[in-house]
Amino acid sequence: MKILVTGGAGFIASHLVDRLIAEGHRVIVIDNLSAGRKENVNSKASFYKIDICDSKALEEIFKSERPDIVDHHAAHIDLRKSVEMPVYDATINILGSLNLCEFSKKYHIKKFIYASTGGAVYGEPKKLPVNETHPVEPLSHYGVSKHTVEHYVSIFYKLYGVNFTVLRYPNVYGPRQSPHGEAGVVAIFSELILQNKRPTIFGDGSKTRDYVYVEDIVTANLKVIDNLGNNEIYNLGWGKEISDLEVFQAVRRALESDVEPIFSQKRPGEIDHMSLDSSKATKELKWKPKTTFEEGVKLATKYYKELSKR
Ligand SMILES: NC(=O)c1ccc[n+]([C@@H]2O[C@H](COP(=O)([O-])OP(=O)(O)OC[C@H]3O[C@@H](n4cnc5c(N)ncnc54)[C@H](O)[C@@H]3O)[C@@H](O)[C@H]2O)c1
């Protein structure tokens, strides 16, 4: 199949592109390289450096490439920046996504896969782990913008029959995640510990998230590309909480360091606890994460170690 992957120079989608190509699909990557890196893009993919907000350039690609499926990962992912710059966040995450929906309809794509977030749409959970029926009450502009697109993809199905699957991701980690953003705590801790610097933990270290290794997230995308889970929303996660302190300790252990963290003020706008119940994905997509946190951290830190030697 011919698959258009947006954000394919970034962390998650570059792994997706690698796997799609390994499985024999033809892949087109769109990325404006605002956060992604050209080196991440598989050389067998057709790469277009364009912005998803540039509707003219985008349409040219749909027109000439005629993809079967769109797997949409391009986004502004910095939650804290979204609070400072809501218009910027909404422009990329909502309007850019809407452009993709429009051309997916116009050029009759078979399915639109949307990478959403379980960490930012539900707000502070009423009960853990959170399943898809939990009320959606985002606490950040990023949560609002990511969730808004879920409604659009559903409307494009209801009005025009464009099939979709929404995958609500947990905290994804692994090689190629940028340590320069706000989101990738495994990447951030790894980079600092490798420089023998003390990472900062915001709060007392008890804040929790559900961590899934990137290859397991890629597997979920592959399942829905294989025509499972049409017109549904799925949480992806272990259903288990891992605290900031546990993440720090796992990264420190993997890097055989004895660096101590610095504890600082908790940051506003961030929820305290999150874990995602993915029983629906297990039942309908036959998906379950496989890579344990300990194994995943070893793989990620190995990558950052090698990177630091270059
Ligand atoms: N990493 C996580 O833990 C996580 C959790 C939940 C959801 N997600 C979602 O998964 C997707 C991928 O996240 P990631 O962690 O790989 O982030 P990333 O920043 O590594 O990848 C995003 C990519 O999108 C590109 N991009 C940004 N704005 C663009 C634009 N206007 N036009 C074209 N390309 C643009 C960037 O250059 C980057 O390569 C995002 O949609 C994000 O919201 C990620």
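Small disclaimer: the values here were computed from a predicted structure and weren't measured. Counting convention: from 1, in listed order, for ligands and their atoms alike. We count residues from 1, following the sequence as given.
Protein heavy atom in closest approach to atom 44 (C) of ligand 1: I12 CD1, 3.7 Å. If you check which protein heavy atom lies closest to atom 32 (N) of ligand 1, you get I52 N, 3.0 Å. Among protein heavy atoms, atom 37 (O) of ligand 1 sits closest to D31 OD1, 2.6 Å. Among protein heavy atoms, the minimum distance from atom 15 (O) of ligand 1 is reached at F11 CD2, 3.6 Å. The single protein non-hydrogen atom nearest to atom 11 (C) of ligand 1 is H73 O, 3.3 Å, given as residue, atom name and distance. The protein heavy atom nearest to atom 24 (O) of ligand 1 is A74 CA, 3.4 Å. The protein non-hydrogen atom at the shortest distance from atom 30 (C) of ligand 1 is N32 ND2, 3.2 Å. Closest to atom 8 (N) of ligand 1 among all protein heavy atoms lies Y169 CD1, 3.8 Å.
Atom CD of E39 sits in a crowded spot, with more than 12 heavy atoms from other residues, nucleotides or ligands closer than 6.0 Å. Environment of CD in Q265: sparse, with no more than 12 heavy atoms of neighbouring residues, nucleotides or ligands closer than 6.0 Å.
In this structure, Y211 and F293 have tilted ring planes: the angle between them lies in the 30° to 60° band. In this structure, Y114 and F112 have tilted ring planes: the angle between them lies in the 30° to 60° band. Between Y157 and F164, the two ring planes are perpendicular [angle over 60°; tilted spans 30° to 60°]. Between Y107 and F62, the ring planes are tilted. Angles from 30° to 60° get that label.
Below 3.5 Å of separation, one finds an N or O of K146 facing an N or O of ligand 1. Any N or O atom pair closer than 3.5 Å counts here, and S116 shares no such pair with ligand 1. Of the polar atoms of A13, none of the N or O atoms is found under 3.5 Å from an N or O of ligand 1, judged by distance alone.
Annotation: cation-pi pair K105/Y160 present, NZ/CZ under 6.0 Å from the ring centroid and within 45° of its normal. Judged by the 6.0 Å distance and 45° axis criteria, K280 is positioned over the aromatic ring of Y234.
A salt bridge does not link D272 to K207: none of the charged nitrogens lies less than 4.0 Å from a carboxylate oxygen. The pair E260-R198 fails the salt-bridge criterion, with no side-chain N (NZ, NE, NH1 or NH2) lying under 4.0 Å from an Asp/Glu carboxylate O. Salt bridge absent: R253 and D258 never bring a charged side-chain N and a carboxylate O closer than 4.0 Å.
The side-chain heavy atoms of K288 and S278, taken from C-beta on, include no pair separated by under 4.5 Å. In this structure the side chain of H76 never reaches within 4.5 angstrom of the side chain of K146, judged on heavy atoms.
Look at P170 and you'll find a heavy atom under 4.0 Å from some atom of ligand 1. Residue contacts with ligand 1 include A9, since one of its heavy atoms falls under 4.0 Å from the ligand. A heavy-atom separation below 4.0 Å is found between I50 and ligand 1. Using a 4.0 Å heavy-atom cutoff, S178 is absent from the residues neighbouring ligand 1. In this structure, Y142 is part of the shell of residues with a heavy atom less than 4.0 angstrom from ligand 1. Using a 4.0 Å heavy-atom cutoff, S14 is absent from the residues neighbouring ligand 1. Close to ligand 1: D51, with a non-hydrogen atom less than 4.0 angstrom away.
Residue S34 has at least one heavy-atom neighbour below 4.0 Å for each of these atoms of ligand 1: 26 (N), 27 (C), 28 (N), 36 (C), 37 (O). Against a heavy-atom cut-off of under 4.0 Å, G7 is close to the following atoms of ligand 1: 23 (C), 24 (O), 39 (O). Using a 4.0 Å cut-off to heavy atoms of V172, the atoms of ligand 1 that qualify are 2 (C), 3 (O). Remark: ligand 1 atoms within the under-4.0 Å shell around heavy atoms of T117 are 6 (C), 7 (C). Heavy-atom proximity to A115, at under 4.0 Å, picks out these atoms of ligand 1: 10 (O), 41 (O). Within ligand 1, counting atoms from 1 as listed, the ones closer than 4.0 Å to a heavy atom of G10 are 20 (O), 21 (O), 38 (C), 39 (O). Applying the 4.0 Å criterion to heavy atoms of L33 picks out, from ligand 1, the atoms 37 (O). Listed by number with element, the atoms of ligand 1 under 4.0 angstrom from any heavy atom of N171 are 3 (O).
Of all heavy-atom pairs between A74 and T6, the closest is N-OG1, 3.0 Å. Considering every non-hydrogen atom in both K286 and K283, the closest pair reads NZ-O, 2.8 Å.
Contacts of I77 with ligand 1, taken as heavy-atom pairs under 4.0 Å, involve the side chain alone. Of the heavy atoms in I30, none comes closer than 4.0 Å to ligand 1.
The heavy atom nearest to atom 22 (C) of ligand 1, considering only A75, G36, G184, is found in A75.
Listed for the R26 side chain is no donor-acceptor partner under 3.5 Å among the backbone atoms of I21.
If you take CG on L128 and OG1 on T208, they are separated by 6.5 Å, rounding to the nearest 0.5 Å.
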